[in-house]
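These numbers come from a predicted model, not from an experiment. The chains referred to below are lettered A, B, ... by the order of the sequence lines, with proteins before strands, and numbering in each begins at 1.
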Amino acid sequence: MPTFRLYDTQSRSVKPVETQEPGHLKFYCCGPTVYSYAHIGNFRTFIASDLVVRTATALGWRVTYVSNITDVGHMTQDDVADAGGEDKMEKALKSKEGDAFANIWDLARHYADAFEDDWNRLNLQQPTVRPRATEHMREQIVAIQGLIEEGHAYETPTGVYFRVSSFDEYGKLSGNRDQDSLMRAVRAVVQDDNKEHPADFALWKKDDKHLMQWFSPWGWGFPGWHIECSAMSRTYLGDTLDLHAGGEDLVFPHHECEIAQSECLTHSPFCGHWMHVRFLQVDGEKMAKSAGNFYTVRDLLEKGHDPMALRLSLMSTPYGKPANFTMQSLKDAMSTIERFREVEKRVRAAGISESADGEPDTETQRVYDEMLEAMCDDLNTSVAIAKAIEGARLFLRDSDLTTSQAQSAQWFLRKTDALLGVVGGTATESLVEEPVVEGRPISALIQERAEAKASRDFAQADAIRQMVDSAGIELRDGPNGTEWRRKVT
RNA sequence: GGCGCCGUAGCCAAGUGGUAAGGCAGAGGACUGCAAAUCCUUUAUGCGGCGGUUCGAAUCCGCCCGGCGCCUCCA
């Protein structure tokens, strides 16, 4: 088995993923704040995490995978807001889209459910636990109390703050170590005169007007953003994690603050390996919710794009490099997905059932081994996908597969899907409604065209194909009749 | 100011010292009533520029040019 190696932000080098318990990976990935629909950039991060889980599993490891949902405490910056900005959830409720919701809990539930739908459509593995900040209030309050008791936090008239100066190693992850740059990083608008130092960050906000509030030793209020991850990761993974992932923007302050809180509280190393996913750009431009130039998963799927093609296009550039999403890249990915499906069809045509196991021949085994090796090499998805295509081509060379070839192909598809997650998900096709062209269902038109072809009336057959083509439907004649598919634009 | 990333064919992109993977698009061919799909063949004397190290550099070093990200709104 190859060694699983990933880039580690803190040591700035690629190093082996080490587990405390042999063969058991404790993995935490920072999830979304559910104030809106997640966009494809969010999912680039979650797909990278998914690939960590799949690769570890392929190596035979057990993975305890925790990915949270932030539904309170994540502040937005706003020029008119007072210290600390505004809670993103509250802001969303006040927006135009927020009118659709009865209250903030309803809004949180809606976007969290939508997030999980998108997650499933993209064939992401279920986390072992998907904790929510609002459901772990006790753990957060206890953690804050612990930090106060140890002198790492203090109460002010507006909240409880972490005392950055009490943790010598603050800045070890991001490199933001010197006080001058920390000072400069603090915007004037978030100053709270009661803080001892501008870099101190909120653990608890006192606010009896907040739409989500809890009673604490410091009165009514709500937790700061960073404490939830420290509290929840400790609850489910213990004091020390093996691997922690998130988007590159989280390096500072979020993960830096998590380290400070957790290590001060537990007196143990928080995490030995940090993985950060580079931002996704769209058509060469930065994508951000605030910029409004983002695609959501549901936008693209509603337009008829295939979820597996979207997944593949989002993972085709390795996570550590900036990726550029374009409609062309989505189309390119679709061609690859169709090749996998073509292999699947040929396997079925050879009489191998979906539930059959299959055995690889040596060539197939070799290609798979190389694919796994690429994934172990810091998730080199570019090479792994090339290997997946190489494997598919082994079975597309001959039009009919022998039984042993088909068994080999079956094995390869299974293994490739388990590792890359891009073969499955074909079931979604059948959910698409049958299109109607000129008032007639497509199946009737296909039938009519088949009859025209049978009587060698090719002009009529071509006229029908032309008609549905202009309606955006493509017809493909195959050995088992004619299939239709929506053309992707 | 601090921290970090990238520049490889028309496009996406692998390769980090031994003589340029893979995909898309393009070209030719097989197959097909015609298409589509699939298969086969083909497409970079060169890896932003200039120097240097080396028997040998896309790969290491230096400088320059260009693009990008984070630094209390973002995954």
Which of B:C71, B:G23, B:A75 is nearest the side chain of A:I389? It is B:G23
When you compare [N] with [M], how far apart are their [atom1] atoms, in angstrom units rounded to a whole number?
N     : M     : atom1 : answer
B:A44 : B:A13 : C1'   : 14 Å
B:G17 : B:A27 : P     : 39 Å
B:U19 : B:A35 : P     : 43 Å
B:C47 : B:A21 : P     : 15 Å
B:A58 : B:C65 : P     : 23 Å
B:G48 : B:G15 : P     : 15 Å
B:C61 : B:C3  : C1'   : 22 Å
B:U32 : B:U43 : C1'   : 26 Å

Taking atom [atom2] of [N] as reference, at what distance in whole Å does atom [atom1] of [X] sit?
X      : N     : atom1 : atom2 : value
A:Y319 : B:C6  : OH    : C1'   : 16 Å
A:D249 : B:G4  : CG    : C1'   : 14 Å
A:N324 : B:C24 : CG    : C1'   : 15 Å
A:E370 : B:G22 : CD    : P     : 13 Å
A:E256 : B:C70 : CD    : C1'   : 13 Å
A:L250 : B:C70 : CG    : P     : 12 Å
A:D332 : B:G10 : CG    : P     : 16 Å
A:M315 : B:G23 : CE    : P     : 16 Å

So what does A:I385 hit on the nucleic acid, given a heavy-atom distance under 4.0 Å: a base, only sugar-phosphate, or nothing?
-> nothing
- Query: What nucleic acid atoms does A:G246 come within less than 4.0 Å of, heavy atoms only: base, sugar-phosphate, or nothing?
  - Reply: sugar-phosphate
Between A:R132 and A:E116, is the closest basic N to carboxylate O distance under 4.0 Å? yes
Identify whether the distance between the nearest side-chain nitrogen and carboxylate oxygen of A:R121 and A:D118 falls below 4.0 Å. no
Taken in chain and number order and not counting sequence neighbours, the residues that satisfy salt bridge (Lys or Arg N to Asp or Glu O under 4.0 Å) with A:E390 are A:R366, A:K387
Hits for salt bridge (Lys or Arg N to Asp or Glu O under 4.0 Å) against A:R44, two or more places apart or cross-chain, chain-then-number order -> none
For [N], which nucleotide is its Watson-Crick or G-U wobble mate, given both distances must be under 3.5 Å?
N     : result
B:A9  : none
B:C63 : B:G49
B:U19 : none
B:A25 : none
B:A58 : none
B:A44 : none
B:G4  : B:C68
B:U38 : B:A30

Quick note, salt bridge (Lys or Arg N to Asp or Glu O under 4.0 Å) partners involving residues 309-321 of chain A, not counting sequence neighbours, are A:D50-A:R311
For [X], what residues pass the ring pair (Phe, Tyr, Trp, His ring centres under 6.0 Å) criterion, not counting sequence neighbours?
X      : answer
A:H254 : A:W225, A:H226
A:Y319 : none
A:F43  : A:F46, A:F115
A:F162 : A:F201

Per the under-4.0 Å heavy-atom filter, residues of residues 3-12 of chain A near RNA chain B come out as A:R12
Taken in chain and number order and not counting sequence neighbours, the residues that satisfy side chain to side chain donor-acceptor pair (under 3.5 Å) with A:Q365 are A:D369
The contact string for nucleotides 28-40 of chain B, one letter per nucleotide 5' to 3', using protein heavy atoms under 4.0 Å with B, S and - for base, sugar-phosphate only and none, comes out as -----BBBBSSSS
message: I want to check one thing: is the phosphate of B:A13, taken as OP1 and OP2, less than 4.0 Å away from some side-chain N or O of A:T317?
response: yes
Sorted by chain and residue number, the side chain to side chain contact (heavy atoms under 4.5 Å, CB included) partners of A:S165 (sequence neighbours excluded) come out as A:R163
(request) Please confirm whether any donor atom in the side chain of A:S382 sits under 3.5 Å from an acceptor in the base of B:A13, or the reverse. (result) no
Provide a list of protein-nucleic acid N or O atom pairs under 3.5 angstrom, restricted to nucleotides 15-19 of chain B.
| from | atom 1 | to | atom 2 | distance (Å) |
| --- | --- | --- | --- | --- |
| B:G15 | OP1 | A:N380 | ND2 | 2.8 |

Practice item. Would you please indicate yes or no on a ring centroid separation below 6.0 angstrom for A:F412 and A:Y368? Key: no
I want to know whether A:H255 and A:H244 have ring centres closer than 6.0 Å. yes
### Query
Distance only, no hydrogens: is a donor on one side chain within 3.5 Å (strictly under) of an acceptor on the other, for A:S230 and A:E258?
no
